[in-house]
2 protein chains.
Amino acid sequence: MMTEPNSEQLSTDPAQILREAGLRATQQRTSVLTILAASTDHPTVDDVYDKARQLDDSVSIATIYRTMLLLETAGLIRKLTFDDAPARYEMTPNRDHDHLIDIDTGELIEIPGREISELRARIVNDLGYDVVSQHTILRGRRKH
Amino acid sequence: MMTEPNSEQLSTDPAQILREAGLRATQQRTSVLTILAASTDHPTVDDVYDKARQLDDSVSIATIYRTMLLLETAGLIRKLTFDDAPARYEMTPNRDHDHLIDIDTGELIEIPGREISELRARIVNDLGYDVVSQHTILRGRRKH
DNA sequence: ATTAATGCAAAGCTTTTGCATTTTC
DNA sequence: GAAAATGCAAAAGCTTTGCATTAAT
């Protein structure tokens, strides 16, 4: 019992997370996952690429793109697409949250919790913003 | 009094709508606006381009792009961006509504009304869908 | 040893832009 | 007639892909 590192078996080691997802734990993938786990902002592919090159200056942008798609498909990371700006990524959040974009600065602000619209509007207000527009994207699957 | 076509002065003529917005009413812009007004789906730039060429086979794709941006900036149309799919457009809706994407078919379904999350979920359910994920994008402006 | 992943460079798409010509007001 | 919009073609992103090489299991 005491030899178990953790009763819930939750891996924090990127390489192990990859293997548990049935993926090969390459150095590049491990780097990407480490970078994303350490990011509090929502980095773009280019941001991740730059940081990955600081760890290993031979990584290619193609691998970053392939890795982002792989991790997204595996459900380990989440892709955020806002208008035409390059996609941003975050580790898959435990609890769902919304995003507020500052239309003047482009700043991306997380809004915790799954609130109803009215409450959400109040929260945004408390953050010091006026809501210019809001739009919910639902993804569904037709019931069979 | 009886000579007024409409007490609210709402123009339905695309050329007039453009002029009221302070824009030059070119043939190309009029076509684009006419096409969008007649569309119940949410056409992409390419869709609009194809239809515009049926009206005038000399229009260029550059003009369509420029026109879409112009109309969007003027608030006459609304741009919808979903993941990496090419942007889709619709006339600016009177009442806000959400969109449901069928992740299997890519079909885009309008959900009328500005409902709170729980109610929205029920509506989606009534449409015969299970919600796989939902994400609200808020656009705000920092209060000064 | 097999099988998969990577790096490189080229290609693909969508969108934007410079500039001469045409159109709108 | 002056100012703005268009068409064309080239350029500029961002993202994907083919293939030989390298790495993971």
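Note on naming: letters A, B, ... go to the chains in the order of the sequence lines (proteins, then strands), and numbering restarts at 1 for each one. Just so it is clear, the values below take in all heavy atoms, side chains as well, and ignore hydrogens, waters and symmetry mates.
Summarising the geometry, the separation between CD on A/Q27 and C1' on D/dT25 is reported as 16 Å, rounded to the nearest angstrom. If you measure from atom CD1 of B/I61 to atom P of C/dT15, you get 8 Å, rounded to the nearest angstrom. Counting to the nearest Å, the P atom of C/dT17 and the CG atom of B/L70 are 15 Å from each other. One can place CD1 of B/I64 at 13 Å from P of C/dT16, the figure rounded to the nearest angstrom. In this structure, B/R66 atom CZ and C/dT24 atom P are separated by 15 Å, rounded to whole Å. The distance from atom OH of B/Y49 to atom P of D/dC8 is 8 Å, rounded to the nearest whole Å. Here D/dT16 presents its C1' atom at 16 Å from CE of A/M68, a figure rounded to the nearest Å. With rounding to whole Å, B/L69 atom CG is found 7 Å from C/dT16 atom P.
Not a single donor-acceptor pair under 3.5 Å links the side chain of B/S39 to the backbone N or O of B/H42. The main-chain N or O of B/A52 is never found under 3.5 Å from a side-chain atom of B/S31 such that the two would form a donor-acceptor pair. Side-chain atoms of B/R29 come within 3.5 Å of backbone N or O of B/R24 as a donor-acceptor pair.
For the OP1/OP2 pair of D/dA5 and a distance below 4.0 Å, the side-chain nitrogens and oxygens of B/R29 include at least one atom meeting the criterion. Put simply, B/T63 has a side-chain N or O that comes within less than 4.0 Å of OP1 or OP2 on D/dG7. Between B/R19 and the phosphate of C/dC25, there is a side-chain N or O to OP1/OP2 separation shorter than 4.0 Å. A sub-4.0 Å separation between OP1 or OP2 of D/dA4 and a side-chain N or O of B/T26 is absent. For B/Q28, a side-chain nitrogen or oxygen approaches OP1 or OP2 of D/dG7 to under 4.0 Å. In terms of phosphate contacts, A/Y65 brings a side-chain nitrogen or oxygen within less than 4.0 Å of OP1 or OP2 of D/dT15.
Side-chain atoms of A/R24 and base atoms of C/dT3 include a donor and an acceptor less than 3.5 Å apart.
Along DNA chain C, the nucleotide nearest to B/A25 and the one nearest to A/R53 differ in position, and the one closer to the 5' end is contacted by A/R53.
Among the candidates A/D46, A/D47, A/V45, the single residue satisfying the side-chain contact (heavy atoms from CB on, under 4.5 Å) test with A/I64 is A/V45.
When distances are taken from the side chain of A/V59 to each of C/dT17, C/dG7, D/dT17, the shortest belongs to C/dG7.
Put simply, CZ on B/R78 and CE on B/M91 are 13.0 Å apart, with the number rounded to the nearest 0.5 Å.
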